[in-house]
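Remember, it's a predicted structure, so these values are computed and weren't measured experimentally. The figures that follow rest on heavy atoms only: side chains count, while hydrogens, waters and symmetry mates do not. Each ligand, and each atom within it, is numbered from 1 in the order the structure gives.
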Amino acid sequence: MVATPNRVTFMQLPSDQEASGRTLGEAELEMLREAINSGTLTSTKGNMVKQLETRFAEMIGVKYAYACSSGSGAVHCAVAAIDPEPGDEIITTSITDMGGLTPILYQGAIPVFADVDPNTWNVTAETIAARITDRTKAIIVTHLFGNPCDMSAIMELANSRGIPVIEDCAQAFMAKHNGRSVGTFGSVGCFSLQQGKHITTGEGGLVTTNDDALARRLFLFINKAFGYGDPQPDHYFIALNSRMSELCGAVALAQLDKLQGCVDSRQASSAKLTEKLRGLPGIMTPVMDPRNSQVFWKYGLRVDASIVKGGSVGLAKKLKEEKGIFSAPRYIQKPAFQCEIFEKQRTFGNSRWPFTLARPEAVDYNPDRFPGTFAGLEWVLVLPWNERYTDAHVQYIADAIVDAVDELRM
Ligand SMILES: *Cc1c(COP(=O)(O)O)cnc(C)c1O
């Protein structure tokens with residue numbers, strides 16, 4: 001007889017990759033039916049996407065919002081709207097999604113990485129200031145895990161130097177700094193509706209601005225730069241089709257109704273975890289700047305490897321093996337600039353363009369320049385977070401962490 005191994009049953013946590021952790025349902029189906037029945041699935045003629053844009057702009061308090069095909073596309077629109085000259089520098093962050101970086105290169109500009117605060121994994125006015133030169137055309141800030149960057153200090157710096165700011169809010173729907181929504185501070189805000197974001201259409205994006213001229217360029221860039229509605233419309237400049245379809249617009253409209261609830265739920269459940277982990281040796285819960293309302297796209301723990309054996313990697317391994325909890329130690333594993341696209345400058349054919357236009361210092365990725373980035377990645381343990389987590393789920397996660405730390409304590 002073959003011995004059957006002991007079967008441990010793990011609690012199933014809701015996941016944003018499937019129905020258990022999403023809020024897709026009847027409301028979305030209803031809107032989809034309306035879109036389908038209308039027979040018009042393009043946003044150039046339909047009004048789902050138009051309604052989405054109007055409502056989203058109202059919700060976050062901004063003059064213009066335009067829907068597009070992805071969060072990466074949103075950042076691409078933002079960079080294109082600012083229209084850098086080839087070789088211009090755009091300061092960005094070393095810890096973000098690649099979708100926030102490649103658009104810079106597609107528009108012929110050079111991403112210049114600012115270091116981050118290892119405690120929040122966000123860029124700061126100081127780390128940005130250290131990289132400003134007379135070639136700086138824009139600054140992109142990412143509100144990582146839904147925690148706003150210090151927009152007071154960053155906007156003061158940017159305004160004093162006359163440099164536009166793009167906010168990457170893909171992880172930060174409805175997050176606020178001093179009571180004001182992210183995506184309304186800078187020149188352009190960028191949002192993602194990808195499967196794993198707060199609300200989703202599978203793929204999709206939104207851009208926001210208060211600036212009339214930038215709004216015009218954003219609209220054009222999404223629409224092959226064709227001047228819809230102009231007396232003599234033409235294709236005015238280089239641009240692809242980055243439109244959202246009416247099908248996604250319909251789902252997004254239904255999802256918008258659920259957004260505040262999703263955020264409220266994530267904030268309440270994350271606060272409970274923080275409370276339960278208070279005082280646990282070797283574990284630091286997220287920094288809570290009282291000026292910020294953060295929206296917990298993920299829950300980022302800091303793990304002190306001098307107290308918890310194996311640090312974030314050791315803790316993640318225990319959580320997975322003993323409780324079936326999947327987490328991401330080191331988040332994106334390595335700083336963005338250590339990915340092949342930057343290390344080998346893989347762009348268009350063998351040209352390496354636009355890196356060929358860069359000042360050597362702008363593309364010097366010596367680790368000594370990025371102490372915050374390396375320290376931050378070393379100790380971060382990213383716990384997936386979800387609006388459907390109940391008290392029981394949070395208790396399960398808390399107990400798992402407490403038990404694991406207990407075993408790993410040195
Ligand atoms: C998800 C994400 C993007 C890219 O969005 P997509 O919709 O996946 O293209 C860009 N920036 C950040 C910070 C993200 O989290």
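Of all atoms in ligand 1, listed by their number and element, those nearer than 4.0 Å to a heavy atom of Thr142 are 13 (C). Residue Asp97 has at least one heavy-atom neighbour below 4.0 Å for each of these atoms of ligand 1: 1 (C), 2 (C), 3 (C), 4 (C), 10 (C), 11 (N), 12 (C), 14 (C), 15 (O). Close approach of ligand 1 to Gln194 is summarised as follows: ligand atoms under 4.0 Å from at least one heavy atom of the residue are 7 (O), 8 (O). Near Ser192, meaning under 4.0 Å from any of its heavy atoms, are these atoms of ligand 1: 5 (O), 6 (P), 7 (O).
The two residues Phe355 and Val363 have their closest heavy-atom pair at CD2-CG1, 4.0 Å. Between Pro384 and Lys298 the shortest heavy-atom distance is CA-CD, 4.1 Å.
For atom 10 (C) of ligand 1, the nearest non-hydrogen atom from the set Ile140, Thr102, Asp168 comes from Asp168.
Pairs passing the side-chain hydrogen bond (donor to acceptor under 3.5 Å, both in side chains) check and including a residue from residues 157-184, sequence neighbours excluded, read His143-Glu167, Ser152-His177, Ser152-Asn178, Gln171-Tyr331, His177-Asn292, Arg180-Thr184.
For an aromatic pair to be called close, the ring centres must be under 6.0 Å apart, and Phe342 with Phe113 satisfies this.
In terms of protein heavy-atom proximity, atom 6 (P) of ligand 1 is nearest to Gly71 N, 3.4 Å. Protein heavy atom closest to atom 15 (O) of ligand 1, with residue, atom name and distance, is Gln171 NE2, 2.8 Å.
Applying the side chain to side chain contact (heavy atoms under 4.5 Å, CB included) criterion to Lys309, with sequence neighbours excluded, gives Leu408, Met410.
Defined by atom type and a distance below 3.5 Å, a donor-acceptor pair is present between the side-chain atoms of Ser293 and Gln267.
The N/O atoms of Thr96, backbone and side chain alike, include none that comes under 3.5 Å of an N/O atom in ligand 1. For ligand 1, one of its N or O atoms has an N or O atom of Lys197 under 3.5 Å away. Backbone and side-chain nitrogen or oxygen atoms of Ala170 are examined, and none is located within less than 3.5 angstrom of a nitrogen or oxygen of ligand 1.
A cation-pi arrangement is found for Arg217 relative to Phe237, the charged atom lying closer than 6.0 Å to the ring centre and inside a 45° cone about the ring normal.
Heavy atoms of Ser72 found under 4.0 angstrom from ligand 1 belong to the backbone as well as the side chain.
Considering Gln255, Lys258, His198 in turn, Gln255 is the only one that fulfils the side chain to side chain donor-acceptor pair (under 3.5 Å) rule with Thr23.
Contact between Glu203 and ligand 1 is absent, with no heavy atom of the residue lying under 4.0 Å from the ligand.
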